[in-house]
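What follows is a single structure, written as structure tokens, with notes after it.
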Amino acid sequence: MALKRMDNVGIVVDDLGATIDFFRELGLELEGRATIEGEWAGRVTGLGDQRVEIAMMRTPDGHGRLELSRFIMPPAVADHRKAPVNALGYLRVMFAVDDIDDTLVRLRKHGAELVSSEVVQYQDVYRLCYIRGPEGLLIGLAQELG
């Protein structure tokens, strides 16, 4: 049996609306929103009876998705949003963009801030940066040069 694809990356947030707006500004499309609840869902996650509001965001090419979740019951129990880049575990999502400078201007209107003070160029191949997005989420941006 072969792996078919990576279906999505999940991110837990407090403010689902603001996070959807941020990722729309980045260029993702809202595929759908729903509330998932009941013991059947808790059997998947191991959380028991749960109620979660989710939004599925899709990249323009249709190959990548983010599942944004806001837990109503049980509430979120840990906060890793301020973790540095070298923290253990899942930490960031990297997006390829056409124009990193324009993307930063648009995302700053939604509270994005550079992690360091600059966009860095790697040889003649990429311009790269990490930003903190809504709720401190760590996001990578890469612009291919040439």
Side-chain angles (χ1 to χ4, degrees), residues 1-116 119-120 122 125-145:
M1 178 84 36
L3 177 73
K4 289 180 160 184
R5 68 181 176 272
M6 184 185 79
D7 194 54
N8 67 65
V9 173
I11 301 174
V12 177
V13 301
D14 280 328
D15 188 338
L16 190 59
T19 308
I20 289 169
D21 290 343
F22 177 87
F23 283 112
R24 275 185 167 157
E25 187 67 45
L26 181 58
L28 276 74
E29 301 166 18
L30 180 62
E31 194 171 77
R33 278 179 88 158
T35 299
I36 308 297
E37 59 187 321
E39 63 87 22
W40 72 269
R43 290 198 326 261
V44 174
T45 63
L47 294 175
D49 195 23
Q50 68 180 35
R51 182 179 168 101
V52 183
E53 187 180 6
I54 66 164
M56 191 64 75
M57 307 289 299
R58 182 181 60 239
T59 58
D61 67 0
H63 295 294
R65 288 198 244 147
L66 290 180
E67 180 180 306
L68 306 174
S69 303
R70 184 179 73 85
F71 278 82
I72 300 163
M73 182 185 78
V77 297
D79 192 340
H80 306 287
R81 294 175 289 188
K82 301 296 182 188
V85 172
N86 60 342
L88 295 173
Y90 296 103
L91 188 63
R92 64 131 176 97
V93 179
M94 176 74 75
F95 293 97
V97 298
D98 289 331
D99 183 334
I100 203 166
D101 297 315
D102 175 65
T103 302
L104 286 170
V105 167
R106 291 185 295 108
L107 295 180
R108 282 186 174 121
K109 295 175 186 174
H110 294 270
E113 298 178 1
L114 282 170
V115 170
S116 73
V119 175
V120 176
Y122 172 71
V125 182
Y126 286 103
R127 293 183 70 220
L128 305 155
C129 69
Y130 286 158
I131 61 172
R132 291 279 179 189
E135 301 186 29
L137 297 173
L138 187 60
I139 298 163
L141 300 175
Q143 175 186 344
E144 193 171 0
L145 302 173

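Residues Leu141 and Leu26 are in side-chain contact: their nearest non-hydrogen atoms beyond the backbone lie under 4.5 Å apart. Side-chain contact between Phe22 and Leu107 is present, with heavy atoms from C-beta onward closer than 4.5 Å. Annotation: side chain of His110 is in contact with side chain of Asp21 (closest heavy-atom distance under 4.5 Å). With contacts defined as side-chain heavy-atom distances shorter than 4.5 Å, the pair Leu137/Thr19 qualifies. Side-chain contact between Leu145 and Val125: absent, with no pair of heavy atoms (C-beta onward) separated by less than 4.5 Å. Contact annotation: the side chain of Val115 never approaches that of Ile131 to less than 4.5 Å [non-hydrogen atoms, C-beta and beyond]. Val52 places none of its side-chain heavy atoms less than 4.5 Å from the side chain of Arg70.
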Enumerate, atom names and distances included, each donor-acceptor pair closer than 3.5 Å involving a side-chain atom of residues 93-102, sequence neighbours excluded.
{"unit_1": "Asp99", "atom_1": "OD1", "unit_2": "Asp101", "atom_2": "N", "d": "3.1"}
{"unit_1": "Asp99", "atom_1": "OD1", "unit_2": "Asp102", "atom_2": "N", "d": "3.0"}
{"unit_1": "Asp101", "atom_1": "OD1", "unit_2": "Arg127", "atom_2": "NH2", "d": "3.4"}
{"unit_1": "Asp101", "atom_1": "OD2", "unit_2": "Arg127", "atom_2": "NH1", "d": "2.9"}
{"unit_1": "Asp102", "atom_1": "OD2", "unit_2": "Arg106", "atom_2": "NE", "d": "3.1"}

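Within 6.0 Å of the CG atom in Leu88, the count of heavy atoms belonging to other residues, nucleotides or ligands does not exceed 12.
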Hey, mind stepping through Leu114 and Tyr130 against side chain to side chain contact (heavy atoms under 4.5 Å, CB included) and telling me if it holds?
CA-CA 6 Å; Leu114 282 170; Tyr130 286 158; over 6 Å; no

Leu47 and Phe71: side chain to side chain contact (heavy atoms under 4.5 Å, CB included), yes or no, with the steps?
CA-CA 11 Å; Leu47 294 175; Phe71 278 82; 3.5 Å; yes

With side chain to side chain contact (heavy atoms under 4.5 Å, CB included) as the criterion, how do Ile139 and Arg92 come out once you've worked through the C-alpha distance, each side chain's angles and the decisive distance to 0.1 Å?
CA-CA 5 Å; Ile139 298 163; Arg92 64 131 176 97; over 6 Å; no

Using the side chain to side chain contact (heavy atoms under 4.5 Å, CB included) rule, take Ile20 and Met57 through it: C-alpha gap first, then chi angles, then the decisive distance, then the call.
CA-CA 8 Å; Ile20 289 169; Met57 307 289 299; 4.2 Å; yes

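Salt bridge Glu113/Arg132: absent, no basic N to carboxylate O contact under 4.0 Å. Salt bridge Arg65/Glu31: present, at least one basic N to carboxylate O contact under 4.0 Å. The existence of a salt bridge linking Glu53 and Arg33 is confirmed by a sub-4.0 Å separation between a basic side-chain nitrogen and an acidic carboxylate oxygen.
Scored by the side chain to side chain contact (heavy atoms under 4.5 Å, CB included) test, Asn86 finds Pro84 as partners (sequence neighbours excluded). Annotation: side chain to side chain contact (heavy atoms under 4.5 Å, CB included) contacts of Glu67 (sequence neighbours excluded): Asn8, Ile54, Met56, Ser69. Applying the side chain to side chain contact (heavy atoms under 4.5 Å, CB included) test to Arg51 and every residue at least two apart in sequence or in another chain returns Thr35, Glu37, Ile72, Met73. In this structure, the side chain to side chain contact (heavy atoms under 4.5 Å, CB included) partners of Asp79, at least two apart in sequence or on a different chain, are Arg81.
What you find for Pro60 and Gly27 is that their closest heavy atoms are CG-O, 3.3 Å. When all heavy atoms of Glu144 and Tyr126 are compared, the pair lying nearest together is CA-CD2, 3.8 Å. Contact record, Asp49 with Pro74: O-CD, 4.0 Å, taken as the closest heavy-atom pair.
Residue pairs meeting the salt bridge (charged side-chain N to carboxylate O under 4.0 Å, His left out) criterion with at least one partner in residues 38-48, sequence neighbours excluded, are Glu39-Arg43.
When atom types are taken as modelled, the side chain of Glu135 and the backbone of Asp14 share a donor-acceptor pair closer than 3.5 angstrom.
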